[in-house]
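We name chains A, B, ... by the order of the sequence lines, and we start the count at 1 in each one.
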Protein chains: 2
Amino acid sequence: MKSQFGERVRTLREKQNLYLRQVAPLLEMDTAQLSKIEKGLRQLKREQIPIIAEILKASSDELMTLWLADQIYDVVKDEKMANEAMQVAEQKLNFIKRKKK
Amino acid sequence: MKSQFGERVRTLREKQNLYLRQVAPLLEMDTAQLSKIEKGLRQLKREQIPIIAEILKASSDELMTLWLADQIYDVVKDEKMANEAMQVAEQKLNFIKRKKK
DNA sequence: CTTATATTTGCCAATATTTGACAAGTCAAT
DNA sequence: ATTGACTTGTCAAATATTGGCAAATATAAG
């Protein structure tokens, strides 16, 4: 499970029977780049997520979630304190959210 | 709550009655940089965490946890799907861990 | 085996981001 | 007004990431 985002994009693209060469130009990149993105070797730019969601007729929220999860995973993978760090981050997140209400 | 790591470092440093000018050289940086790190305007390098932990006679694991939490928070702050993304990342983390056992 | 199409990989220059270093600034105590 | 601790701003240098191209691989068809 390299990149959840990439794998999902590939699945969606295949479901739509689209080739890299058809999708890549819509994102203003070449097939090589999109291939790398699907394999998790590169990151799609955050602001392109709604675009690719529309192309693949998928939920932007779902893809954003997977994309963010990949970023988070990158930070903590191989880290001994990964779980603890996630807990702390989550608490901070909820703390801030409560304040904003 | 800007940077949990930075705030903790400052607390620890003050508890040890050390000045920026005393600590900074041990990390091979100037006081300006360390000041920024404590205020969360810059990141300490990951590999320096054990060093600062020793200087401040603190737990390297604790500081690493806070440092990682800051990185995670940076990724998801202001993101609508933050919580969902954390969940997904956590699942992946636990899935991988189980595999390694 | 050759061709055609889709995807992948490797490389490197271009771009973007982060850092290091310094100077000047604030603030508090004297 | 001077000193000491810390902060802030700037900018070039160091790092990291990306874009674009060419070559490699894979698969299928003839």
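Atom CZ in R21(A) sits about 14 Å away from atom P in dT8(C), given to the nearest Å. For L44(A) and dG19(D), the CG to P distance is 9 Å, given to the nearest whole Å. The separation between N17(B) atom CG and dC6(D) atom P is 11 Å, rounded to whole Å. In this structure, CD1 of I37(B) is placed 12 Å from P of dA21(C), rounded to the nearest angstrom. Distance E38(A) CD to dA6(C) P: 14 Å, rounded to the nearest Å. As rounded to whole Å, 11 Å separates atom C1' of dT8(C) from atom CG of D30(A). What separates CG of L34(A) from C1' of dC21(D) is a distance of 16 Å, to the nearest Å. With rounding to whole Å, K36(A) atom NZ is found 13 Å from dC21(D) atom P.
Minimum atom distance to the side chain of A32(B) is reached by dC22(C), of the listed dC22(C), dT8(C), dC21(D). Here the nucleotide nearest the side chain of Y19(B), chosen from dG9(D), dT8(C), dA5(D), is dA5(D). Of the candidates dG20(C), dA5(D), dT7(C), the closest approach to any side-chain atom of S35(A) belongs to dT7(C).
Judged by distance alone, the side chain of W67(B) and the main-chain N or O of L44(B) form a donor-acceptor pair under 3.5 Å. A donor-acceptor distance shorter than 3.5 angstrom exists from the side chain of D70(B) to the backbone of Q4(B), with no hydrogens or angles considered.
Contact check on E38(B) versus R8(B) returns no salt bridge, with no Lys/Arg side-chain nitrogen under 4.0 Å from an Asp/Glu carboxylate oxygen.
In the hydrophobic cluster analysis, where Ile, Leu, Val, Met, Phe, Trp and Tyr join through side-chain heavy atoms closer than 4.5 angstrom, L26(A) is grouped apart from Y19(A).
At most 12 non-hydrogen atoms from other residues, nucleotides or ligands lie less than 6.0 angstrom from CD of E28(B).
One finds a side-chain N or O of K45(A) lying less than 4.0 angstrom from the OP1 or OP2 phosphate oxygen of dG19(D). Between R42(B) and the phosphate of dT19(C), there is no side-chain N or O to OP1/OP2 separation shorter than 4.0 Å. Within the structure, every side-chain polar atom (N or O) of R10(B) is placed at least 4.0 Å from both OP1 and OP2 of dA5(D). Considering only side-chain N and O atoms, R13(B) lies under 4.0 angstrom from the phosphate OP1 or OP2 of dC6(D).
When each of Q48(A) and E14(B) is assigned the nucleotide of DNA chain D bearing its nearest heavy atom, the one mapping closer to the 5' terminus is E14(B).
Within the nucleic acid shown, K39(A) comes within 4.0 Å of sugar-phosphate atoms alone, with no base atom in reach, counting heavy atoms only.
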